[in-house]
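Structure first, then comments.
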Amino acid sequence: MKLYQFPGPILVICLLFANTVHVAAQDKWSLKRCVDYAMANNISIKQQDVQKRLAELTLKQSQLSQIPNLSASVSGNYNAGRSVNPTTYTYETQGFLSSNASLNTNVTLFNWFSKRNTIASNIYQANAYGFLLEKAKNDVAFNIASTFLQILQNNEQVHVNETQLTLTKAQLSNTEKLVAAGSVPESNQADLLAQLARDSANLITAQNNVILSTLQMKALLNLGFDIPFQPEIPSDISNIPLPSLNEVDPEMVYSAAMSTNPLIRADSLQIKSWERSVAASRGAMFPTLSLSAGIGTNYANNVNDIRNVVLGPFQDTLGTVSVGGTNYNVIGKPYTVPSQVVGGKTPFGTQISNNFQQAVGLSLSIPIFNAWQARAQYKRNKLNLYNQELTRDKDNQQLRQDIYTAHANAVAAIQKFYAASRGVDASQKAFDFATKRFNLGLMNTIDYITTQNNLFQAQINKVSAQYDYIFRMKLLEFYRDQKITL
């Protein structure tokens with residue numbers, strides 16, 4: 001099973017630093033340098049950070065929704081034909097320019113705490129995304145640690161293959177001399193030449209594995225593939241202190257992880273967020289009380305300053321009357337006539353002042369029927385809450401399974417490492433005896449090569465088992481307290 005398939009972050013971050021040989025060269029990449037670089041450059045972390053910032057913006061917007069909204073408007077118009085003058089409210093047929101300005105505000109007084117519940121929901125959601133960002137960082141750090149470990153393991157295998165190739169070359173050189181002296185048959189030389197070809201192919205494969213794991217590391221770091229990457233090799237990983245199996249009992253580790261694992265904490269916050277969303281959508285089905293206020297004024301360029309003027313007094317002749325042969329005019333009672341006289345255009349400031357208006361009002365919005373949208377949203381949020389609870393239970397189950405699996409693998413890794421160590425010791429003794437017998441001509445080449453391959457495979461198995469053992473023990477240690485102690 002490949003190391004990158006195991007869950008769990010940052011596990012090997014510290015363990016590979018123990019007893020690390022400090023190098024002055026700047027092109028050496030320690031595991032800490034890899035992780036620090038990835039925290040600032042990894043694409044997955046940047047994407048999760050964007051999601052966190054979006055959640056924070058949503059929270060800020062919902063908080064500001066409690067503040068009364070304020071809007072201003074200014075407009076200008078040209079009217080032609082028969083239209084209503086906005087200042088005199090009379091129909092006119094002449095063209096004129098008009099403008100108006102207004103300032104309006106509105107605030108929700110009570111909506112069954114829908115806004116407050118929405119804000120609380122967004123607070124929980126923003127905090128949950130903070131833990132999801134932490135989880136993303138942990139996942140990337142873990143992948144870097146496991147890839148770094150894979151690079152070191154591949155380098156160890158290259159070293160073993162190089163040693164094997166050097167040994168085969170030395171045996172071939174010695175055999176060539178013996179063949180030339182007639183001490184051994186030429187078939188021995190041919191067998192060793194075939195073994196040399198196999199060892200060369202194995203070395204090329206091991207070197208290519210180093211290249212592939214290095215490319216994987218560069219992808220995680222978002223590092224240019226043309227930039228050299230040279231890992232900082234630990235001096236001796238066998239001295240790293242590891243916890244005993246009694247200290248990482250799976251149930252104890254699971255109990256500790258429930259309070260520290262970022263995904264579990266994010267699940268808990270998201271459940272609280274959906275609970276508040278349910279309450280907010282329920283409040284949207286009840287009446288909403290709002291307060292509104294506004295001021296405004298207008299102006300038109302065809303408004304005239306009209307004054308009332310009294311004309312007179314006037315006296316009308318009602319007729320004539322003859323008195324003593326003399327005609328006299330009959331004069332009526334004096335009277336006056338009111339009249340309207342145009343005095344010019346009404347100034348802009350005067351119109352603005354004269355037309356200034358104010359308004360304030362209360363409104364009660366009662367949802368009666370809106371195509372079932374509010375109730376559907378309420379039921380949708382309840383289902384989302386239930387789904388998030390299932391997600392939490394699934395994540396808890398997966399965490400418990402991962403911990404128990406890691407513990408079982410750790411037990412197997414310990415036994416495998418001890419068995420591999422004994423295998424190397426036994427194979428080394430067998431190879432030493434075989435070398436002596438081969439040099440004395442008491443063993444044929446095929447049997448000797450078989451013994452040599454057994455030692456080679458035992459060394460490879462020990463390297464893999466050692467790295468696997470350390471990795472799995474540190475994995476359990478991390479699950480327990482989310483940190484590595486050295």
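Ion pair Glu56/Lys60 not flagged as a salt bridge, since none of the NZ, NE, NH1 or NH2 atoms sits closer than 4.0 Å to an Asp/Glu carboxylate oxygen.
For the atom pair CD (Gln388) and NZ (Lys272), the distance works out to 13.0 Å, reported to the nearest 0.5 Å. Here NZ of Lys137 is found 12.5 Å from CD1 of Ile144. Values are rounded to the nearest 0.5 Å. Atom CG in Leu57 sits 11.0 Å away from atom CG in Asn122 (nearest 0.5 Å).
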So Asp402 and Gln398, side-chain hydrogen bond (donor to acceptor under 3.5 Å, both in side chains) or not? Walk me through it. CA-CA 6 Å; Asp402 290 342; Gln398 185 65 50; 2.9 Å; yes
Run the numbers on Asp393 and Gln397 for side-chain hydrogen bond (donor to acceptor under 3.5 Å, both in side chains), then give the verdict. CA-CA 6 Å; Asp393 295 341; Gln397 183 186 63; over 6 Å; no
Begin with the C-alpha distance, continue with both residues' side-chain angles, and end with the deciding distance and a verdict on side-chain contact (heavy atoms from CB on, under 4.5 Å) for Gln66 and Arg116. CA-CA 8 Å; Gln66 299 178 102; Arg116 290 190 179 183; 4.3 Å; yes
Determine whether Ser73 and Ser102 satisfy the following criterion, side-chain hydrogen bond (donor to acceptor under 3.5 Å, both in side chains), listing intermediate values before the conclusion. CA-CA 5 Å; Ser73 66; Ser102 64; 2.7 Å; yes
Pair Asn161-Gln157, side-chain hydrogen bond (donor to acceptor under 3.5 Å, both in side chains): steps then yes or no: CA-CA 6 Å; Asn161 278 277; Gln157 292 181 351; 5.8 Å; no
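Tyr404 has its ring centre no less than 6.0 Å from the ring centre of Tyr479.
Checked by atom type, the side-chain pair Asn100/Ser75 shows a donor-acceptor distance below 3.5 Å. Ser30 and Glu232 share no donor-acceptor pair across their side chains, judged by distance under 3.5 Å alone.
With Asn355 as the fixed residue, the side-chain hydrogen bond (donor to acceptor under 3.5 Å, both in side chains) test singles out one of Asn298, Thr297, Thr350: Asn298. The side-chain contact (heavy atoms from CB on, under 4.5 Å) with Val140 is formed by just one residue from the set Ile45, Ile43, Leu221, Val35; it is Ile45.
Shown here for Ser114 and Ala280, the closest heavy-atom pair between the two residues is OG-O, 2.9 Å.
For residues 34-66, the pairs satisfying ring-ring contact (aromatic ring centres under 6.0 Å, His included) are Trp29-Tyr37, with sequence neighbours left out.
Between Phe471 and Phe142, the two ring planes are tilted [angle within 30° to 60°].
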